[in-house]
Amino acid sequence: MTTLLPAPRVTLSRLHAPTLQTIPEAVAENVRRVRATCSARIMAVVKADGYGHGAVTVAEAAVAAGAEWLGVTDVADAVALRDAGFTVPILSWLNPSGADAETAAALRIDVAVGSVEELRQLIADAVDPVRVHLHLDTGMARGGCPLDDWEELFRTARAGRGRVEVVGVMGHLPRADEADPRANAAAVLRFRHGRDAVLRAGFGPVLVHLAATSGALTDPGTHFDMVRIGAGLVGIDPSGATTLAGAARWTAPVVHSALVPAGTAVGYGGAHITERETHLSVVGVGYADGIPRELAAEAAVAIDGARYPIVGRVSMDQIVIDTGAVPVPRGTVATVFGPEGGVVPSVQEWARWAGSIPHTVVTGIGARVQRSVA
Ligand SMILES: *Cc1c(COP(=O)(O)O)cnc(C)c1O
């Protein structure tokens with residue numbers, strides 16, 4: 001027989017929990033900055049839980065600031081947005097868990113199709129018409145229909161009339177991290193060609209969309225009817241051409257502090273040895289929370305207007321910082337990154353320290369980091 005023990009009365013420490021705070025006003029500001037350079041409609045792309053910032057929070061701010069569409073990679077994510085009350089058009093373009101035709105039709109979730117096979121499946125499954133966007137591979141070989149199969153895709157769509165309705169044409173630019181329009185010129189040309197073929201095939205009015213954040217900010221020739229903005233919403237310009245507003249602040253508590261002598265080995269493997277007597281503080285976030293394990297020596301967090309370096313190896317749940325002559329009491333709140341600049345590290349700095357891109361920093365933050373909204 002199993003006896004259920006009464007729940008123990010644990011008094012949890014009253015430390016500030018590791019928290020990622022999303023800043024909706026920054027998302028709105030970023031939508032306005034895109035709007036200032038681009039008159040096409042804006043689709044707010046909130047895949048990967050709104051690039052780690054919370055899909056619903058980011059979508060709400062973006063739609064309130066003028067985004068007319070939402071974009072995700074999976075129909076299930078689109079369903080979650082409908083459940084949250086969004087009524088704007090939603091496009092889902094990858095559907096790794098399968099595009100459920102019935103759900104897509106019932107909830108008016110548009111589906112992008114990038115192959116004849118995918119389209120046939122959708123037609124076979126559909127009862128009520130599903131709105132589809134034909135997705136052309138514009139030179140990336142990562143999803144999208146090759147130009148060689150484009151006409152076959154049209155024939156399939158035409159044969160499936162009544163079960164699918166073609167409402168859009170999309171492509172995606174391979175050189176998202178280059179601000180020079182010449183880098184994508186061949187892709188744009190191929191896309192125009194593919195778009196013209198769709199119009200000739202007589203599908204009726206279609207929404208034409210190619211650019212993501214960097215195209216929207218740097219190359220008007222890529223704008224067409226709509227731009228799909230994801231990274232830009234949360235303050236990341238992949239082209240590096242502009243500075244956008246950081247949309248999150250990640251904080252975590254100091255959980256332990258000590259004054260140690262010179263020659264102290266810090267963390268696993270003793271990878272760092274203190275050169276002088278110094279204060280060390282343990283901050284309660286580690287690689288399980290999304291702190292990259294491989295970091296440059298400059299990697300740091302901010303406390304009370306000063307930046308302190310991370311020393312020794314990043315552990316699963318904790319990092320150690322060297323605060324020199326400054327004793328930092330347990331419970332002090334450290335800022336891992338934030339939008340303010342100055343001593344507060346930015347997401348972009350973390351990406352450099354990790355030898356990666358800002359996207360991996362914001363999408364890699366673990367589930368136990370609490371989420372809040374400013
Ligand atoms: C992620 C994605 C976007 C958004 O790209 P950003 O550079 O983050 O703005 C747009 N379109 C497609 C197909 C995507 O996968």
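Quick caveat: nothing in here was measured; it's all calculated off a predicted structure. Whatever order the structure lists ligands and atoms in, that order sets their numbers, starting from 1.
Backbone and side-chain nitrogen or oxygen atoms of A231 are examined, and one is located within less than 3.5 angstrom of a nitrogen or oxygen of ligand 1. By the 3.5 Å distance cut-off applied to N or O atoms, W93 is counted among the residues near ligand 1.
Using the six-membered ring where Trp is involved, H133 and H209 have ring planes that are perpendicular, over 60° apart on the 30 and 60° scheme.
Electrostatic pairing of R33 and E29 counts as a salt bridge here, judged by a charged N lying under 4.0 Å from a carboxylate O. By the 4.0 Å N-to-carboxylate-O rule, R120 lies close enough to E152 to be salt-bridged with it.
Heavy atoms of other residues, nucleotides or ligands lying less than 6.0 angstrom from CE of M316 number 12 at most.
Each of the atoms 4 (C), 5 (O), 6 (P), 7 (O), 9 (O), 10 (C) of ligand 1 lies under 4.0 Å from some heavy atom of A212. Here is the list of ligand 1 atoms found below 4.0 Å of a heavy atom in Y51: 1 (C), 4 (C), 5 (O), 6 (P), 8 (O). Set against the non-hydrogen atoms of G230, the atoms of ligand 1 under 4.0 Å away are 4 (C), 6 (P), 8 (O), 9 (O).
The only member of T22, T57, I365, T19 that meets side chain to side chain contact (heavy atoms under 4.5 Å, CB included) when paired with R371 is I365.
The shortest contact between atom 9 (O) of ligand 1 and any protein heavy atom is with T213 OG1, 2.5 Å.
Residue contacts with ligand 1, taken as heavy atom pairs separated by less than 4.0 Å, involve R228 via backbone and side-chain atoms alike. Only the side chain of K47 comes within 4.0 Å of ligand 1, counting heavy atoms alone; its backbone N, CA, C and O stay farther away.
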Without placing hydrogens or testing angles, list every side-chain donor-acceptor pair under 3.5 Å for residues 287-306, not counting sequence neighbours.
unit_1, atom_1, unit_2, atom_2, d
D289, OD1, R368, NE, 2.5
D289, OD1, R368, NH2, 3.3
D289, OD2, G286, N, 2.9
D289, OD2, R368, NH2, 3.2

